[in-house]
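What follows is a single structure, written as structure tokens, with notes after it.
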Amino acid sequence: MCIRDRCHGAAILLLGGRIWGVRISAGGAVMETEPLSSGKELVCALAGPAGSLLLVLMFRVFPRVAVCALVQAAFNLLPVFPLDGGRALRCALARFCPKRANRIAVWTEWGTLGILGALALTATFYRKLGMLPLTAAALLTAKAFLRKRPCKLTRFGVQ
């Protein structure tokens, strides 16, 4: 597991949660936990990008490592649900405006994906940067579209 996943786990344990199991796949680590309150889940979601930013500070004498950690933190803070930023957005909205939280989160997510898609098209065809930006945007969109829904009503929460 990377430092980001360890920070998520440490935050869960420090806030009194329990981790029932961990699965590591190509998409990252998935921790099965008992359901947390929206405030605790918000802290746990932001612990991963905070760990990446900690790496930036620790490895600033190695600029390549610091840049990679910064890019990872920025990517994970995008407000798209499978990412930490999407989880944090949903938790914050559920806490402050629960009636419209899902609608606002979905519109924010699809707006972000639309902007990323437009930037990827521009980078691919106008700037001639190859197919990597377009492929990355398409994969993120597919992951967001095929995502597992948050499970608050079951025994396990997915972090």
Side-chain angles (χ1 to χ4, degrees), residues 2-23 25-56 68-124 126 132-159:
C2 68
I3 190 153
R4 183 178 54 87
D5 298 325
R6 291 174 194 252
C7 289
H8 285 304
I12 291 168
L13 294 175
L14 286 173
L15 293 173
R18 293 185 58 186
I19 300 173
W20 298 101
V22 178
R23 285 180 312 183
S25 66
V30 176
M31 296 180 195
E32 295 176 352
T33 68
E34 57 191 21
L36 301 170
S37 68
S38 60
K40 288 181 179 180
E41 190 169 342
L42 176 64
V43 171
C44 293
L46 293 177
S52 294
L53 293 175
L54 181 65
L55 277 179
V56 171
C68 288
L70 186 64
V71 168
Q72 181 185 24
F75 176 75
N76 279 316
L77 283 173
L78 288 174
V80 179
F81 175 67
L83 303 177
D84 297 331
R87 285 181 44 225
L89 175 69
R90 285 182 184 265
C91 291
L93 289 172
R95 189 174 180 100
F96 296 113
C97 56
K99 291 182 180 179
R100 293 180 278 157
N102 192 43
R103 182 179 298 159
I104 294 170
V106 168
W107 278 101
T108 303
E109 181 176 301
W110 286 107
T112 302
L113 290 172
I115 290 169
L116 288 176
L119 290 173
L121 282 171
T122 302
T124 299
Y126 182 70
L132 184 62
L134 194 59
T135 304
L139 288 174
L140 182 60
T141 303
K143 188 172 182 176
F145 185 70
L146 299 173
R147 72 183 177 266
K148 292 182 179 177
R149 303 291 185 236
C151 50
K152 285 290 185 189
L153 300 177
T154 62
R155 179 177 166 201
F156 298 113
V158 177
Q159 301 299 323

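In what follows, residues are counted from 1 in the order of the sequence shown.
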Legend entry - Short N-O contact, Glu41 and Arg95, less than 4.0 angstrom: no

Exercise: identify the closest heavy-atom pair between [X] and [Y]:
| X | Y | value |
| --- | --- | --- |
| Leu36 | Ile12 | CD1-CG1, 4.4 Å |
| Ala73 | Pro49 | CB-O, 4.0 Å |
| Ala45 | Ala88 | CB-N, 4.0 Å |
| Leu55 | Ala69 | CB-CB, 3.8 Å |
| Gln72 | Ser52 | OE1-OG, 3.5 Å |

Listed partners of [X] passing side-chain contact (heavy atoms from CB on, under 4.5 Å), at least two apart:
| X | value |
| --- | --- |
| Leu70 | Leu53, Val56 |
| Thr141 | Trp110, Leu113 |
| Ala120 | Pro133, Leu134, Ala137 |
| Leu93 | Leu89, Cys97, Ala101, Ile104, Ala105 |

Inset, instruction - Carefully, step by step, assess Arg90 and Asn102 under the rule side chain to side chain contact (heavy atoms under 4.5 Å, CB included). - result: CA-CA 7 Å; Arg90 285 182 184 265; Asn102 192 43; 2.9 Å; yes

Quick one: [atom1] on [X] to [atom2] on [Y], what's the gap to the nearest 0.5 Å?
| X | Y | atom1 | atom2 | answer |
| --- | --- | --- | --- | --- |
| Leu46 | Cys7 | CG | SG | 12.0 Å |
| His8 | Thr33 | NE2 | OG1 | 12.0 Å |
| Arg18 | Leu13 | CZ | CG | 10.0 Å |

Inset, instruction - Would you check if the side chain of Glu109 reaches a backbone N or O of Gly86 as a donor-acceptor pair within less than 3.5 Å? - result: no

Inset, instruction - Check whether NZ of the Lys or CZ of the Arg Arg103 lies under 6.0 Å from the centre of the six-membered ring of Trp107 and within 45 degrees of that ring's axis. - result: no

Inset, instruction - Begin from the C-alpha positions of Leu14 and Val43 and carry the test side chain to side chain contact (heavy atoms under 4.5 Å, CB included) through to its verdict. - result: CA-CA 10 Å; Leu14 286 173; Val43 171; over 6 Å; no

